[in-house]
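Remember, predicted model here, so these are calculated numbers, not experimental data.
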Amino acid sequence: MNPPARFDEAWTKAIDHAERAVGSGCDVVLVRDLMGRVSVIVDDRTAATSEQTAFLASLREEFVRDTHPFTGLDPVQLASEMFAPEILLDSPDIAIRSEADPESNTGRLGLLDRTVVGADWLRTPQVENPNVRQRVALYGFKGGVGRSTATTVLARRLADLGRCVLVVDLDLESPGVSALLEDPAGLPDHGIVDHLVEDAVGNADDLELICRSSVLPMSGNGEVWLASAGGRPREGYDFLAKLNRIYSDLPPATPGGEPRPFARRLDAAISACEQQVAKKSRQPDIVLLDSRAGVHDIAAVTLTQLCQMALLFAVDNPATWHGYGMLVNQWNQRPDQARALRERLRIVAAMLPQTDWEERLETVSSNALDVLSALYDDAAKGDRDAFNPSLQDEGAPHAAIPIFFSNELVSLDPASNRDWIDLPLIKSAYELFLEKVERIIPDPLPESR
């Protein structure tokens, strides 16, 4: 018996064996379960030959030897012997590693990684909502980079331009932007978590989900509305109990209906907020989604499925670029998703020192290009339509948009100074950010003009 394989080694070995298995001419899906155990599913439903069957029998012994203790309970399974093989073989979460090649008589190889969190980084967008066109996500791989403050400042700027803005606080574990836009007593009775738990049992009607910001100074006829993470704090309101129950995909609400993935449920919650703003005032021109940091499914769904543009906040350090590199590697496992994502991304150089800032900004753009270029097309192929912007292309995803750092920002307490947004240090830090984002923000929907 070989020495026990570690988690990563078992997966690598399993892929090697799965690549051999497609040589039998059958399509293959390599599945890794929640415990990391791996199994090969062979689609032999088109009448496998005796030679193929013998090959697969020998594969089983070697597969078990190389993947132990991360070997599935039934390590090599034939679709013809399974009750419902299509659940795995036709899963929308499969990442295609190689396509079938009739000339060499090899089948298609797909990878299906079952996880508790993280699956939505790889899922092809399923939400079909025209209002996604007006949604802008603000995300940072690392927290503490000023994302919520930037969301507030941007919302105010767009309102001053006459836009109707809805800010959705999706940082559910650590709400921040809600406190910048409204006092606790002025929050709506319910928040995003309430819609998620109530809608799961068909009880989401008549929830009060939004409020108009009463603490943000504005000029003109613009408006800023808030959909908070949770409702107004009060006796008997248990935010944490709801938070613990919202993230899972749900079965169909009725027999024969469609499953309810978390992405669709979150989209429904945001849509309900948009509809309430439209009913109380007008259709929102722009919806700002203040996303949670890190690799949580909230961030995955927000970036990959619920927005037209995503501002990626980056502090120029190795941890940030390593984190974004991990996300790019995930996206590249689904080429269709990578192509859909790349043009909606824009890097924001957060906490940029003002000394020699132009040179520092170019460094951020260069580092962003090193990471994001994995999503670009190969320019060497000579395709004029290839997506491969240069370092100097100001419209490229890697072209960093600056937010300047000030020591005074660290000690700023918006709760004790509601005029904070008009302080000179805010204008100095955010003015160039606002000018650049204003130029690339999505146009209002026709019916909201």
Presence of salt bridge, [Y] and [X], under 4.0 angstrom:
X: R212; Y: E182; value: no
X: R439; Y: E394; value: no
X: D199; Y: R265; value: no
X: E274; Y: R135; value: yes
X: K242; Y: E198; value: no

(request) Report yes or no: do W11 and E9 form a side-chain donor-acceptor pair below 3.5 Å? (result)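 E9 and W11 do not have a side-chain donor-acceptor pair below 3.5 Å.
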
(message) Looking only at side-chain N and O atoms, does S228 offer a donor or acceptor that is under 3.5 Å from a partner on D169?
(response) no

(request) Under the salt bridge (charged side-chain N to carboxylate O under 4.0 Å, His left out) rule, what do R108 and D101 come out as? Steps first, then yes or no, please. (result) CA-CA 8 Å; R108 187 188 75 166; D101 184 0; over 6 Å; no

Distance, nearest 0.5 Å, that separates [atom1] of [X] from [atom2] of [Y]:
X: E173; Y: L243; atom1: CD; atom2: CG; result: 4.5 Å
X: N367; Y: T320; atom1: CG; atom2: OG1; result: 10.0 Å
X: L158; Y: L434; atom1: CG; atom2: CG; result: 8.0 Å
X: L138; Y: L154; atom1: CG; atom2: CG; result: 6.5 Å
X: R346; Y: L312; atom1: CZ; atom2: CG; result: 10.5 Å
X: R234; Y: L187; atom1: CZ; atom2: CG; result: 10.0 Å

N/O donor-acceptor pair under 3.5 Å between [X] side chain and [Y] backbone:
X: T71; Y: H68; value: yes
X: D194; Y: G191; value: yes
X: R342; Y: L375; value: yes

Inspect the surroundings of [atom1] in [X] and state if more than 12 heavy atoms from other residues, nucleotides or ligands are less than 6.0 Å away.
X: Q308; atom1: CD; value: yes
X: N317; atom1: CG; value: yes
X: K13; atom1: NZ; value: no
X: E208; atom1: CD; value: yes

(request) State yes or no: are the ring centers of Y139 and F313 separated by less than 6.0 Å? (result)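 That pair fails the under 6.0 Å test.
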
Would you tabulate the side-chain donor-acceptor contacts of residues 347-360 under 3.5 Å, counting partners in other chains and residues two or more places apart, or write 'none'?
unit_1, atom_1, unit_2, atom_2, d
R360, NE, T355, O, 2.7

(request) Taking the side chain as every heavy atom from C-beta outward, state whether V136 and C307 have any atom pair closer than 4.5 Å. (result)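 In short, these two side chains do not touch, never coming nearer than 4.5 Å.
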
(request) Tell me, with the steps shown, if D160 and R163 meet salt bridge (charged side-chain N to carboxylate O under 4.0 Å, His left out). (result) CA-CA 7 Å; D160 284 347; R163 303 281 187 91; over 6 Å; no

Between side-chain atoms of residues 419-428 and protein atoms elsewhere (two or more places apart, or another chain), which donor-acceptor pairs fall under 3.5 Å?
unit_1, atom_1, unit_2, atom_2, d
D422, OD1, R156, NH1, 2.9
D422, OD1, R156, NH2, 2.8

(request) Please work out which of the three classes, parallel, tilted or perpendicular, describes the rings of F141 and Y324, given edges at 30° and 60°. (result)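 Answer is tilted, since the angle falls between 30° and 60°.
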
